Amino acid sequence: MLDIKYLRQNIEFVRKKMEDRDQKIDFDRFLSLDAKRRDILQAVEALRNERNSVSKQVGKLKKKKEDASSLIEKMGEVSAKIKEYDENLRLTEEELNAFVMIVPNVQHESVPQGSGSEDNTIVRTWGEKPVFSFEPRQHYDLGESLNILDFARGAKIAGARFTVYRAAGAQLERAILNFMLDLHTAKHGYTEVLTPFMVNAESMTGTGQLPKFREDLFKIEGMEYYLIPTAEVPVTNIYREEILEEEKLPIYLVAYSPCFRAEAGSYGKDTRGLIRQHQFNKVEMVKFSRPETSYEELEKLTADAEEVLKRLNIPFRTVSLCTADLGFSSAKTYDVEAWLPGQNTYREISSCSNFEDFQARRASIRFRRKDSGKVEFVHTLNGSGLAVGRTVVAVLENYQQADGSVVIPEVLRPYMRGLERIVP
RNA sequence: GGAGAGAUGGCUGAGUGGUCGAAAGCGAUCGCCUGCUAAGCGAUUGUACGCCCUUUAAAGGUGUACCGCGGGUUCAAAUCCCGCUCUCUCCGCCA
């Protein structure tokens, strides 16, 4: 969320930024709520001040065994008034809070203006697209004919958008996952964490899923637990309501987790295959940084995600999301898109974002400056490193052979007991 | 699931209705002392939100709130009452 003070003082700037994001937000209502809140606050604080000082006098009088009944009577009235104002204040703050919680982040100045994914700008492309002497097949065909992906049985035991992996397929998923975790921990300086896969409402609010995107989440019935849609949620919330030492920054964490997404409103999109599932595995990188280095960290984070594809020798391109595609909490996002020959297109396989202090303010994640002793919000960043299921898709499609087999990329072979090829 | 104990500042830990934002100790920072270090001495040591002042900064002044969370009693609550959450101990069950 945005800082209320910042919003108050830069209302026209934010108004313009939200127009660029095509967000219709009633900032006049914000201004009036904010003014109302401060009016009530001043009134109630004056009353409290009176009550505090008179109550002290009462204490002194009673000690001297003198009469204080008139003061007590008067303060009874004051207290009743305070109660009234408090209720009013609570309602106003609730409204104000509800408003601020649904205002998206202010995008960075480098974010391209646009009205759809066609306006995302291509930052770079890497790799040689493989050339096939045959018509390359889509991953779900390959997966079924190799008997490593079973969509029918996934649907039977759970429903649409669930898949059973078997044999070399299950092994490939696990190999990719371990390869990525090892790369990020050994070469990129991340510390691995393993978190709960269910979280409470406070955590979901901290990273921005709640209150606005409730319908995208799976909730446990009868309990205040939500299944995580990404490890970003538990990992970012590790430091919720904490003040960190400046020397500890930047903090790099990497986590494997399954991700659960209701995919509300995606009917008809990517209905076949592994691309869009209710449950998928992901390796997620999360950073906590000082504000002045967060954009530098975003570049490094994106490079860390790209490195996975480079080592797998899968062609990709990186795009900077335009205002229309930018997520609610993000100030700037790069999507890394892997080349999928079967689909003859690039598909998102990683999304790397700088949230600046947007999540940190919601989650109250702060740090203390060493020289001044001042407390400030950290900047949080995260990026997939990578989505595992989609990486399986990319491997199958890029490494498929004329005979229907799939060659295992060399870096994955140690994770698959030396297996070089998946054959029908 | 049953029984009991507890939750106070960066940490340890006092505080059972008023002078408590909170004793004491530790730690930290600054200063003094000192050939260096240690010891010693002195000072400082939370966060948030308002208001005043100010260049919409910083600093400063001032007020309010916060002793796990939420409510209640009272002129007045860290302290009394109710509910909740979490932690610990014992018993049961369990991967």
Side-chain angles (χ1 to χ4, degrees), chain A residues 1-15 27 30-97 99-101 106 194 196-206 220 222-226 237-248 291-292 357 360-378:
Chain A
M1 82 192 182
L2 300 175
D3 180 23
I4 286 183
K5 236 183 283 176
Y6 171 85
L7 206 47
R8 186 189 301 147
Q9 289 165 0
N10 300 277
I11 193 81
E12 292 313 318
F13 174 76
V14 177
R15 209 194 285 264
F27 285 107
F30 163 78
L31 287 176
S32 72
L33 277 173
D34 178 55
K36 186 177 170 196
R37 172 184 166 261
R38 281 181 293 157
D39 282 348
I40 300 172
L41 194 61
Q42 280 173 53
V44 75
E45 285 190 352
L47 288 175
R48 269 200 244 273
N49 185 9
E50 186 186 354
R51 183 177 72 183
N52 286 347
S53 57
V54 173
S55 287
K56 273 181 195 168
Q57 284 179 40
V58 171
K60 280 178 196 153
L61 288 175
K62 288 218 163 180
K63 201 159 227 176
K64 286 188 273 178
K65 301 243 193 293
E66 287 176 29
D67 177 53
S69 54
S70 74
L71 288 179
I72 287 173
E73 197 183 323
K74 198 164 146 236
M75 283 310 104
E77 286 164 31
V78 170
S79 277
K81 227 171 182 178
I82 289 173
K83 219 171 210 176
E84 226 174 273
Y85 276 97
D86 265 343
E87 178 62 10
N88 213 333
L89 183 66
R90 191 184 61 80
L91 291 172
T92 307
E93 285 186 335
E94 227 165 63
E95 254 187 283
L96 190 64
N97 200 34
F99 176 91
V100 186
M101 289 302 257
V106 170
L194 184 63
F197 300 149
M198 294 184 231
V199 300
N200 55 31
E202 288 71 36
S203 293
M204 284 295 185
T205 306
I220 305 298
M223 290 196 215
E224 276 305 308
Y225 291 133
Y226 297 82
N237 278 283
I238 285 176
Y239 295 117
R240 173 154 52 87
E241 284 150 49
E242 293 193 25
I243 299 175
L244 306 167
E245 296 302 320
E246 186 178 5
E247 307 92 274
K248 289 203 176 135
E292 55 270 35
D357 62 6
R361 183 171 295 106
R362 286 176 158 243
S364 192
I365 306 170
R366 296 173 291 174
F367 75 104
R368 191 182 302 279
R369 292 274 182 197
K370 192 159 172 57
D371 48 6
S372 65
K374 285 265 163 259
V375 174
E376 276 179 60
F377 290 108
V378 301

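Numbers restart at 1 for each chain; the letters A, B, ... are given by sequence-line order, proteins then strands. Keep in mind that what you see is a predicted model, and the values were worked out from it rather than measured.
- Both A:Lys5 and A:Gln9 lie near RNA chain B, and the one whose nearest nucleotide falls closer to the 5' end is A:Lys5.
- Distance CD1 (A:Ile4) to C1' (B:G50): 12 Å, rounded to an integer number of Å.
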### Query
Stepwise, does the side-chain contact (heavy atoms from CB on, under 4.5 Å) test hold for A:Val199 with A:Asn237?
CA-CA 10 Å; A:Val199 300; A:Asn237 278 283; over 6 Å; no
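- Rounding to whole angstrom units, CG of residue A:Leu47 and P of B:U64 are separated by 12 Å.
- Around atom OH of A:Tyr85, no more than 12 heavy atoms belonging to other residues, nucleotides or ligands sit under 6.0 Å away.
- Environment of CD in A:Glu247: crowded, with over 12 heavy atoms of neighbouring residues, nucleotides or ligands closer than 6.0 Å.
- Between A:Glu241 atom CD and B:C69 atom P the separation is 11 Å, expressed in whole Å.
- In this structure, of B:A48, B:U64, B:G46, it is B:U64 that holds the atom nearest to the side chain of A:Asn52.
- Residue A:Arg48 places its side chain closer to B:U64 than to any other of B:G46, B:U64, B:G18.
- A:Lys62 comes within 4.0 angstrom of a base, heavy atoms only.
- Using a cut-off of 4.0 Å between Lys/Arg side-chain N and Asp/Glu carboxylate O, A:Glu77 and A:Lys74 are scored as not salt-bridged.
- With both ends at atom P, the span from B:U37 to B:A23 equals 32 Å, rounded to whole Å.
- With both ends at atom P, the span from B:G13 to B:G68 equals 15 Å, rounded to whole Å.
- Between A:Glu246 and the options A:Arg366, A:Arg369, A:Arg368, a salt bridge (Lys or Arg N to Asp or Glu O under 4.0 Å) holds for only A:Arg369.
- Here the C1' atom of nucleotide B:C49 and the CG atom of A:Asn97 are 13 Å apart, to the nearest Å.
- Heavy atoms of other residues, nucleotides or ligands lying less than 6.0 angstrom from CE of A:Met101 number more than 12.
- Contact check of residues 32-40 of chain A against RNA chain B (heavy atom, cut-off under 4.0 Å) returns A:Arg37, A:Arg38.
- Checking each of A:Asn49, A:Leu41, A:Leu47 against A:Glu45 for a side chain to side chain contact (heavy atoms under 4.5 Å, CB included) leaves exactly one that passes, namely A:Leu41.
- A close approach under 4.0 Å does occur between a side-chain nitrogen or oxygen of A:Ser79 and OP1 or OP2 of B:A76.
- Computed from coordinates, the A:Asn200 CG to B:C69 P distance equals 16 Å when rounded to whole Å.
- Taking only distance into account, the side chain of A:Gln42 never meets the base of B:G50 through a donor-acceptor pair shorter than 3.5 Å.
- On the C1' atoms, B:U64 is 22 Å away from B:U54, given to the nearest whole Å.
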### Message
Under the criterion side-chain contact (heavy atoms from CB on, under 4.5 Å), I'd like the reasoning laid out for A:Lys62 against A:Val58: C-alpha separation, chi angles, the key distance, then a yes or no.
### Response
CA-CA 6 Å; A:Lys62 288 218 163 180; A:Val58 171; 4.2 Å; yes
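- Taking atom C1' on both nucleotides, B:A48 is separated from B:C67 by 16 Å, rounded to a whole Å.
- One interatomic measurement links the two molecules: OH of A:Tyr6 to P of B:C49, which rounds to 17 Å at whole-angstrom precision.
- For the P atom pair drawn from B:G9 and B:G46, the interatomic distance equals 14 Å after rounding to whole Å.
- Among the protein residues, A:Val58 comes within range of the nucleic acid bases, having at least one heavy atom under 4.0 Å from a base atom.
- Phosphate proximity of B:G50 to A:Arg8: present, with a side-chain N or O under 4.0 Å from OP1 or OP2.
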#### Entry: side-chain contact (heavy atoms from CB on, under 4.5 Å) between A:Phe377 and A:Asp3, intermediate numbers included
CA-CA 11 Å; A:Phe377 290 108; A:Asp3 180 23; over 6 Å; no
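- Contact between A:Arg37 and A:Leu89 at its shortest, heavy atoms only, is O-CD1, 3.8 Å.
- Rounded to a whole angstrom, the distance from the P atom of B:U44 to that of B:U79 is 29 Å.
- In the set B:C49, B:A59, B:U47, the nucleotide with an atom closest to the side chain of A:Glu45 is B:C49.
- Computed from coordinates, the A:Arg51 CZ to B:G63 C1' distance equals 14 Å when rounded to whole Å.
- The CG atom of A:Asp371 sits 13 Å away from the C1' atom of B:U29 (whole-angstrom rounding).
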### Message
Let's go through A:Lys81 and A:Glu84 carefully: what are the C-alpha distance in whole Å and the side-chain angles of both, what is the deciding distance for salt bridge (Lys or Arg N to Asp or Glu O under 4.0 Å) to 0.1 Å, and is it a yes or a no?
### Response
CA-CA 5 Å; A:Lys81 227 171 182 178; A:Glu84 226 174 273; over 6 Å; no
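- Looking at the side chain of A:Ile243, the nearest of the listed nucleotides B:U47, B:A65, B:A58 is B:U47.
- Residue contacts for A:Lys370: at a heavy-atom cut-off of 4.0 Å it reaches no nucleic acid atom on any strand shown.
- Taking the P atoms as reference points, B:A24 lies 37 Å from B:C90, given to the whole Å.
- The listed nucleotides are B:C75, B:U64, B:G46; the one nearest the side chain of A:Arg368 is B:G46.
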### Task
Toss me the dot-bracket line for RNA chain B: Watson-Crick and G-U wobble, both under 3.5 Å, 5' to 3', using | for pairs to another strand and [ ] for crossers.
((((((((.[[[..)..(.....]]]((((((.......))))))(((((((.......))))))).[[[[[..)....]]]]])))))))....
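- Both A:Val375 and A:Ile72 sit near RNA chain B, but only A:Val375 has its closest nucleotide nearer the 5' end.
- If you take CZ on A:Phe367 and CD1 on A:Ile243, they are separated by 11.5 Å, rounding to the nearest 0.5 Å.
- Taken residue by residue, residues 81-95 of chain A places heavy atoms nearer than 4.0 Å to RNA chain B at A:Lys83.
- The gap from the P atom of B:G72 to that of B:A14 amounts to 31 Å, rounded to the nearest Å.
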### Task
Evaluate side-chain contact (heavy atoms from CB on, under 4.5 Å) for A:Lys36 paired with A:Ile40, printing each intermediate quantity in order.
CA-CA 6 Å; A:Lys36 186 177 170 196; A:Ile40 300 172; 4.1 Å; yes
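- Among the nucleotides B:U47, B:G18, B:A59, the one closest to any side-chain atom of A:Arg366 is B:U47.
- Backbone-only engagement by A:Leu41 is indicated by non-hydrogen atom pairs under 4.0 Å involving sugar-phosphate atoms exclusively.
- Between the side chains of A:Asn52 and A:Ser55, no donor-acceptor pair is found at a separation under 3.5 Å.
- More than 12 heavy atoms of other residues, nucleotides or ligands sit less than 6.0 Å from atom CZ of A:Phe197.
- Of the candidates B:C75, B:U64, B:C49, the closest approach to any side-chain atom of A:Asn49 belongs to B:U64.
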